[in-house]
Amino acid sequence: MSVLASRSLSRRRFLSLAGSAAAGALIAACAPPAPAPAPEGATPPPAEKEKIKLTAWFTDRRTINEMTKEVMKSEFQARNPNIEVDIQFIPEPDIPAKMATAYQAGQAPDLSSLDETHLPGLWSNHFVKPIPEGIIDVRAEMGARVADVYKIPLGDPDAKYYALPNGNMTSAVHYNEELLDQYGYTWEDIPTKWEDFIKWAQELTIWDGDEVKQWGFTFAGSGSALADAVCFQLGGWTYKNHKEVLIDSPEMKEAYQFVLDLFDKYKLDSRFSPLTPRDRLGQGQAVTAYEWTWVQGFLTNQYPDLKWGTVVNPTFTGEPPYGRASDDLGFAVTTQTEDPDRLNAIWTLWRYLVGPDYQRRYVKFRGTHPSLLELWDEPDFTPENPRWRAIAITTQPGNYRAPGIWPIEIVPLWGNAWTLIRDEGVPIDEAVAQVKPQMQKILEANDYSSFLLGKDGWEANPIWMTER
């Protein structure tokens, strides 16, 4: 039917035809012709593609799970309607063993989050896939240190990236704002030198016999980490390089003694306090508490009414370095598929998780200063945010030290040394003499050159101290 003919048909006439067979004939005449039947043997038109279903393992962290399950999943799938993600929360310590079992059964997840201690073992077993060229410019997006450390094996012309850190976490002094105010202080009054800080904290500590009723500064339960920070403040390191541990260095021994003195000489805490520093702070029993910043999400969720903030650790000079900071490792592709469409979907998910929209949510709960440089200047991740103050300052280049990625076999041995010293009363020299051979045996039996950098690695790369 022509456009002219359709215009000449009056509305009254059309309505009179609508209930008759003539209307049917008229409408049929205007409709496009029915498609001719397909010739015998012809290929049918392609059906609409089914959704690609991916399995992703996330470490089971209550402070982050809800955001990942509710916000991340819905946002990613809305942006990628052809991809569906099955999120499974796995206890972090279980991931290496479960990954080995899954690979053996041919049922590995497509993507997994990793603790930084897991990467050496998973990489050596070929459980993680290299990041394809062109997906991310690591040096431009995350800076020189990450670009240099994470291209493994180190020094190999064919080295590749396998996993990249979400960010850098550290230790800090967390304060209870209401208790500070009760004593007429603000965060700016917290002393920055250990000598002054100890005296100030003593005045705020209340003992009742053998029990502490109020802590000016609580650290019991985090003493090994505090000794670690003090060691770096004194100019020491935990590792010289990937073959030599420095647990028996003069600086490490002095740091252990310093923490013992905080217990026994200065009476700032009890060795066997039942609560963690974060709980004493949250329950209004401590003015300040020493914790690693991964507790930021815990404090936010567990004590939503608590008014708290952070300051950098005291040092012997009041100047940096403030201690150790270590990467919180991110996500790796662990799939066993070779299907191009599926691989494309998996890397699409990986790139989203490593991008700013997910990361700016994740790092707040994790207490990790973001690796993505574009987030560094956002107000939430600057010293202007009281809860982020210590993280933003400490993780600036030159303000911290890092030994590299600790393999999981070595990590418990540092805790064993501190247990011998604090709980069993073993003299420091004897305790480190017991533990060091075990550490050295592990180092000598493995090639961790791509992961443990230590003092030698930092001295060989001065750019890490000056540029982000």
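All heavy atoms count here, side chains included; hydrogens, waters and symmetry mates do not.
Remark: the backbone N or O of T101 is not paired with any side-chain donor or acceptor of Q107 at under 3.5 angstrom. Of the possible polar contacts, none joining the D328 side chain to the N168 backbone as a donor-acceptor pair under 3.5 Å is found. Between the Q336 side chain and the A108 main chain, a donor and an acceptor come within less than 3.5 Å of each other.
Taking the six-membered ring wherever Trp is involved, the centroid distance between the rings of F258 and W194 falls below 6.0 Å. With ring centers used as reference points, Y448 lies 6.0 Å or more from Y239. With ring centers used as reference points, W388 lies under 6.0 Å from F381.
Within the model, atoms NZ of K240 and OG of S249 stand 11.5 Å from one another, a figure rounded to the nearest 0.5 Å.
We find that D264 and R271 are joined by a salt bridge, their nearest charged nitrogen and carboxylate oxygen being less than 4.0 Å apart. The pair R389-E188 does not count as a salt bridge, with every side-chain nitrogen at least 4.0 angstrom from each carboxylate oxygen.
Looking at every heavy atom in both residues, T68 comes nearest to I87 through O-CD1, 3.7 Å.
Between Y352 and V85 the shortest side-chain heavy-atom distance does not fall below 4.5 Å. Counting heavy atoms from C-beta on, the side chains of W350 and I135 come closer than 4.5 Å.
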